[in-house]
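Data block below; observations after.
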Amino acid sequence: LLHVGSNHPRKNVSTVLKVLAALKTQGLSVHLWKVGADFTSEQKTFIQTQALETSVTYLGKPNKQTLVLIYNSANVLISPSHYEGFGMTIIEAMACGTPVITANVTSLPEVVGDAGILVQPTDVSAMVEAVWHLYQDAYYRQSLQTKGLNRAKHFTWEATARSIATEYEKLICQKAEISSFS
């Protein structure tokens, strides 16, 4: 499992740790890589009390090239944020062919489309079930990887520039129509 981001409460790292603990309890050999901000003291305490020390690795704040390698090495990105303005880590993971489990709130469903697994941000059992599904069903995992790669192509700088240009053209045409009626 991979989690990329800060430790702001909206990132919901505590739920990621609960998912890890539940998966370990169910016997799945799973490891969590944390990229970005280090765990808080409260999260470190949870890791210790749940005996997860050997199942968690903090990878720091790698440069872009190393981060791409991490995305490509991970089996799944788990990002159950309570709020995201956009969800850049979701796009980055999908662009690397990494299946995504994320929250069904704020901008995330729009970013993911049908290329990831959407769950309530605090629904540990739904996330555990999603990880198991990805683990057990290679066809499903591959379909999400393919959909993710295709979905990420919609979020290039070139695609964004085209979209903005189209919107400006619409506005200019609307203004020209309004001016011609005056």
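None of these values were measured; they are calculated from a predicted model.
Gln43 CD: more than 12 foreign heavy atoms inside a 6.0 Å radius. Under a cut-off of 6.0 angstrom, the local environment of CD in Gln65 is sparse, with at most 12 non-hydrogen atoms contributed by other residues, nucleotides or ligands. No more than 12 heavy atoms of other residues, nucleotides or ligands shown are found within 6.0 angstrom of CD on Glu42. Within 6.0 Å of CD on Glu53 lie more than 12 heavy atoms contributed by other residues, nucleotides or ligands.
Distance CD/Gln50 to NZ/Lys24: 12.0 Å, rounded to 0.5 Å. Atoms CD and NZ, on Glu92 and Lys64 in that order, are 7.0 Å from each other to the nearest 0.5 Å. Between atom NZ of residue Lys18 and atom OG of residue Ser14 there is a gap of 5.0 Å, rounded to the nearest 0.5 Å. To the nearest 0.5 angstrom, Ile164 atom CD1 is 12.5 Å from Glu169 atom CD.
Listed here is the closest heavy atom pair of Phe155 and Val111: CE1-O, 3.6 Å. Of all the heavy atoms in Gly36 and Tyr58, the pair that sits closest is O-OH, 2.6 Å. When all heavy atoms of Leu144 and Pro99 are compared, the pair lying nearest together is CB-CB, 4.5 Å. Closest approach of Leu118 and Ala103 over heavy atoms only: CD2-O, 3.4 Å. For the residue pair Met94 and Gly148, the shortest heavy atom distance occurs at CB-O, 3.4 Å. Pairing each heavy atom of Thr102 with each of Ser79, the nearest pair is OG1-O, 2.7 Å.
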Verdict with supporting geometry, Asp123 and Thr15, side-chain contact (heavy atoms from CB on, under 4.5 Å): CA-CA 8 Å; Asp123 191 342; Thr15 295; over 6 Å; no
Step-by-step ring pair (Phe, Tyr, Trp, His ring centres under 6.0 Å) determination, Tyr135 to Tyr140: CA-CA 9 Å; Tyr135 175 74; Tyr140 179 64; over 10 Å; no
Stepwise side-chain contact (heavy atoms from CB on, under 4.5 Å) check, Trp33 with Ser73: CA-CA 10 Å; Trp33 292 339; Ser73 299; 3.7 Å; yes
Take Asn104 and Gln120 through the side-chain contact (heavy atoms from CB on, under 4.5 Å) test and state the conclusion after the steps. CA-CA 6 Å; Asn104 62 355; Gln120 289 290 328; 3.2 Å; yes
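For Ser81 and Glu84, the side-chain atoms include at least one donor-acceptor pair closer than 3.5 Å. Side-chain contact, Gln142 with Thr146: a donor N or O sits under 3.5 Å from an acceptor N or O. For Thr57 and His31, the side-chain atoms include at least one donor-acceptor pair closer than 3.5 Å.
Between the side chain of Arg10 and the main chain of His82, no donor-acceptor pair closer than 3.5 Å is present. In this structure, the side chain of Gln145 engages the main chain of Gly97 through a donor-acceptor pair within 3.5 Å. Under the 3.5 Å distance criterion, the side-chain polar atoms of Thr66 are left unmatched by any main-chain donor or acceptor of Pro62. Put simply, the side chain of Thr98 gets close to the backbone of Tyr71: a donor and an acceptor are under 3.5 Å apart. When atom types are taken as modelled, the side chain of Asn12 and the backbone of Pro121 share a donor-acceptor pair closer than 3.5 angstrom. Of the possible polar contacts, none joining the Arg151 side chain to the Ala115 backbone as a donor-acceptor pair under 3.5 Å is found. Asp137 contributes no side-chain N or O that, together with a main-chain N or O of His133, makes up a donor-acceptor pair within less than 3.5 Å. Between the side chain of Gln48 and the backbone N or O of Thr45, no donor-acceptor pair lies under 3.5 Å.
Cluster membership for Leu67 and Phe86, using ILVMFWY side-chain heavy atoms within less than 4.5 angstrom, is shared. Under the 4.5 Å side-chain contact rule for hydrophobic residues, Leu20 and Ile70 do not share a cluster. Connection of Val112 to Ile78 is not established within any shared hydrophobic cluster, with ILVMFWY side chains joined at heavy-atom distances below 4.5 Å, either directly or through further cluster members. Under a hydrophobic clustering in which Ile, Leu, Val, Met, Phe, Trp and Tyr are joined whenever their side-chain heavy atoms come within less than 4.5 Å, directly or via other members, Val30 and Phe46 fall into the same cluster. Residues Ile117 and Val124 are members of one and the same hydrophobic cluster, defined by side-chain heavy-atom contacts under 4.5 angstrom among Ile, Leu, Val, Met, Phe, Trp and Tyr.
Side-chain contact between Lys147 and Asp114: present, with at least one pair of heavy atoms (C-beta onward) separated by less than 4.5 Å. Taking the side chain as every heavy atom from C-beta outward, Val76 and Val100 never approach each other to under 4.5 Å. Under the 4.5 Å side-chain criterion, counting only non-hydrogen atoms from C-beta, Gln26 is not in contact with Leu28. Using a 4.5 Å heavy-atom cutoff, the side chains of His3 and Val13 are in contact.
Between Asp38 and Lys44, at least one side-chain N (NZ, or NE/NH1/NH2) sits under 4.0 Å from a carboxylate O, which counts as a salt bridge.
Considering Asn75, Leu32, Leu77 as possible partners of Leu2, the one that fulfils the side-chain contact (heavy atoms from CB on, under 4.5 Å) test is Leu77.
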